[in-house]
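Notes follow the structure.
Here is how names work: the chains are called A, B, and so on, in the same order as the sequence lines, proteins then strands, and each is numbered from 1.
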Number of protein chains: 2
Amino acid sequence: MSARQVTLAEVAKQAGVSLATASRVLNGSTRQVSEELSDRVLRTAEELGYVPNASAQALARNSSSLVGLVVHDITDPYFSCIAAGVTRVAEEAGLVVVLGTTGRRPEREVELLSTLRAHRARAVVLAGSRTTDRAAQSRLAAEIDAFTEQGGRVACVSQAKLGTDTVVPGNRAGARALARSLAELGHKRFAVLGGPAELVVARDRLAGFKAGLADAGIAPPVVINGAFTRDGGYEAALELLTSKSRATCVFAVTDVMAMGAMAALRERGVRVPEDMSIAGFDDIPTLRDTVPALSTVRLPLEHMGELAAGLVLDAGGDEARTVRVAGEVVLRASTAHN
Amino acid sequence: MSARQVTLAEVAKQAGVSLATASRVLNGSTRQVSEELSDRVLRTAEELGYVPNASAQALARNSSSLVGLVVHDITDPYFSCIAAGVTRVAEEAGLVVVLGTTGRRPEREVELLSTLRAHRARAVVLAGSRTTDRAAQSRLAAEIDAFTEQGGRVACVSQAKLGTDTVVPGNRAGARALARSLAELGHKRFAVLGGPAELVVARDRLAGFKAGLADAGIAPPVVINGAFTRDGGYEAALELLTSKSRATCVFAVTDVMAMGAMAALRERGVRVPEDMSIAGFDDIPTLRDTVPALSTVRLPLEHMGELAAGLVLDAGGDEARTVRVAGEVVLRASTAHN
DNA sequence: GCGTGGCGGGAAAGCGCTTTCCAGCGCTGC
DNA sequence: GCAGCGCTGGAAAGCGCTTTCCCGCCACGC
């Protein structure tokens, strides 16, 4: 146990070259090394099972191979899809992904960013949805500044007015298009199961949906806010049912909430789509096999993760770049004509 | 941009103390520092926005705060649940989780382990399912040895004869109990949608299921192997249907495969559970709202992640420890009396 | 023949921290 | 009164690497 790790110095000594030469061979510096020495070093390194000490490299180079990924909840398929995209790109670039979960606590996001700064992470992707809480936002902004000051790059997925690179899904436009499509099905009275009022994503989707209804000349929807989770959707749907609303179609601002809502409807004997149509947002792959199949707005989540990682990994200028990603309305069995 | 990072030396100088003292104050060494100096250091550190350089600390202490987590596919809810458990425990312990995904390629697992070794990760949780491929296993074993040699700890989730700490779900026992429960429903002819033959988890579940059927005096099931994914389940179910098997109940070795299978059945007009009962394994939370609700064997996935992280984080002896986790049969609407 | 420049190799100075070792000092015990 | 001890503070030696700087060597041109 605990045999000491093989160091570059040992490799160099064994190969009969200097530390500098060994280093140059084993990490591909700009400097040339004669083939003979190079071979010798490579061979000894192999024999000894040399693995460079990443901390030492990071220290000497003043830059690490870490990329941060901050999500609210990795079990939420929305985030795990994005995470998959980010890790794929990062791993291809030979980088290592550090996963941080916030449990939706803004202060945790700040902590994580600070930890990542301590590790001199090269970049970080913030996949959490921004809030409108001013205090939290400004602390976060300060951390982000500190992080970029230090030479790290930051990208956000979803709305962010933080001056960072951003991948922006078409929340507003997608929800608006969805509303119009649903209106075309003949529905006149709508309800929306919204997320927490301070979540920008939730607000955008709600606003977009309202706009779409307005486009179609339909009265504004009943809005019920719940947590941004399956249970939030469940509770909100129950509330909707007890409210005696006469809505015939309900839009849950995420697929996950829609699942909860459908469970609630089912329990109360409300049939989908016969008694009530329901639509979600995101088009979570794992949920595509549900019955009735959920109408939704498809977002290329994994691709969004890739895009964010791409933004954050190529140097880019000082300009904050924004990549827009469109949502595509997908009507399935959970919404019917009315 | 790129303002130089505040170092301990600057803090020390500013506070008028030595480097040693500053270090002692800011990281809580065993040594005492007078309250006066301590306060001064703390205050200056705060003022300057000092954040210790994790790489330098890791180098000096020869141990980092990184914990590796290796999974096949983070979008698979099985893994994302485990990941959630691991990250929770790690974060509580003040550690940082490095996420690696293998895409089910054994060599990638080895690579990741080597990277984690380079980073002097303190520990790693391997959540991928072991295979029976001897070559791959031995390379992995070598990497694991190298890792532990260097002082790191390794834990596996699910079967592993690699001499590491392990969290073992009751795959065999769970599947066996499930088979008996299904037999009690009156089914006589069974089919199993198994995973790839070399996956230990898949084999165990299959073996357990067979044993359970034998217990009930029922003929062995038709077995169709497919990929360990939703699509694998879908394909396998199609194959089952075209095989003209007369099974009335099918067991998919994972919930995710069961979802694919149900989709296939639905497409072919086979009603669940009227025409065919179906059961899965894992009890993935995200899938609990599906209709018909899936009968399955519940595994406390998130808790398993916590257990694995726990094993790998408390020092423990040299003994490889094993924690067994029981599966609990949960019959729901997808299985009916026959 | 000698200055020049390019090139491969090595010595050594860091990178930012931890930790050992030593110095000084105020107490205690005889 | 003094040796001895415990305690706090600082100097300095690393930790394992990268990279600058320098040196010697070998064409080459005049």
The side chain of [X] is closest to which nucleotide in this list: [options]?
| X | options | value |
| --- | --- | --- |
| Leu37(B) | dT19(C), dC17(C), dG9(D) | dG9(D) |
| Gln32(B) | dG10(D), dT8(D), dG9(C) | dT8(D) |
| Pro52(B) | dC17(C), dG9(C), dG10(C) | dC17(C) |

Taking only N and O in the side chain of [X], is any of them less than 4.0 Å away from OP1 or OP2 of [N]?
| X | N | value |
| --- | --- | --- |
| Asn27(B) | dT18(C) | yes |
| Gln5(A) | dG16(D) | no |
| Ser34(A) | dG9(C) | yes |

Report task. Rounded to the nearest angstrom, tell me the gap between atom CG in Leu19(A) and atom P in dT20(D). Result ->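 Those two atoms, CG and P, are 15 Å apart.
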Query raised in the report: Separation of Leu8(B) atom CG from dA11(D) atom P, in whole Å?
Result: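 Those two atoms, CG and P, are 15 Å apart.
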Going by an N to O cut-off under 4.0 Å, is there a salt bridge joining [X] and [Y]?
| X | Y | result |
| --- | --- | --- |
| Arg117(B) | Glu143(B) | yes |
| Glu111(B) | Arg108(B) | yes |
| Arg40(B) | Glu36(B) | yes |

Query raised in the report: Who pairs with Ser18(B) by side chain to side chain donor-acceptor pair (under 3.5 Å), at least two apart in sequence or on another chain?
Result: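 Partners of Ser18(B) by the side chain to side chain donor-acceptor pair (under 3.5 Å) criterion, ordered by chain and then number, come out as Thr21(B).
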Report task. Nearest-nucleotide wise, let me know which of Gln57(A) and Ser18(B) is further upstream toward the 5' end of DNA chain D. Result ->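 Whichever sits nearer the 5' end wins; that is Ser18(B).
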Requested in this report: Tell me which of Arg24(B) and Leu59(B) sits closer to the 5' end of DNA chain D, going by the nucleotide each one is nearest to.
Outcome: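 By nearest-heavy-atom nucleotide position, the 5'-most residue is Arg24(B).
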**Report entry** 5' precedence on DNA chain C between Ser23(B) and Arg61(A) (nearest-nucleotide basis)
**Finding:**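 Checking each residue's closest nucleotide, the 5'-ward one belongs to Arg61(A).
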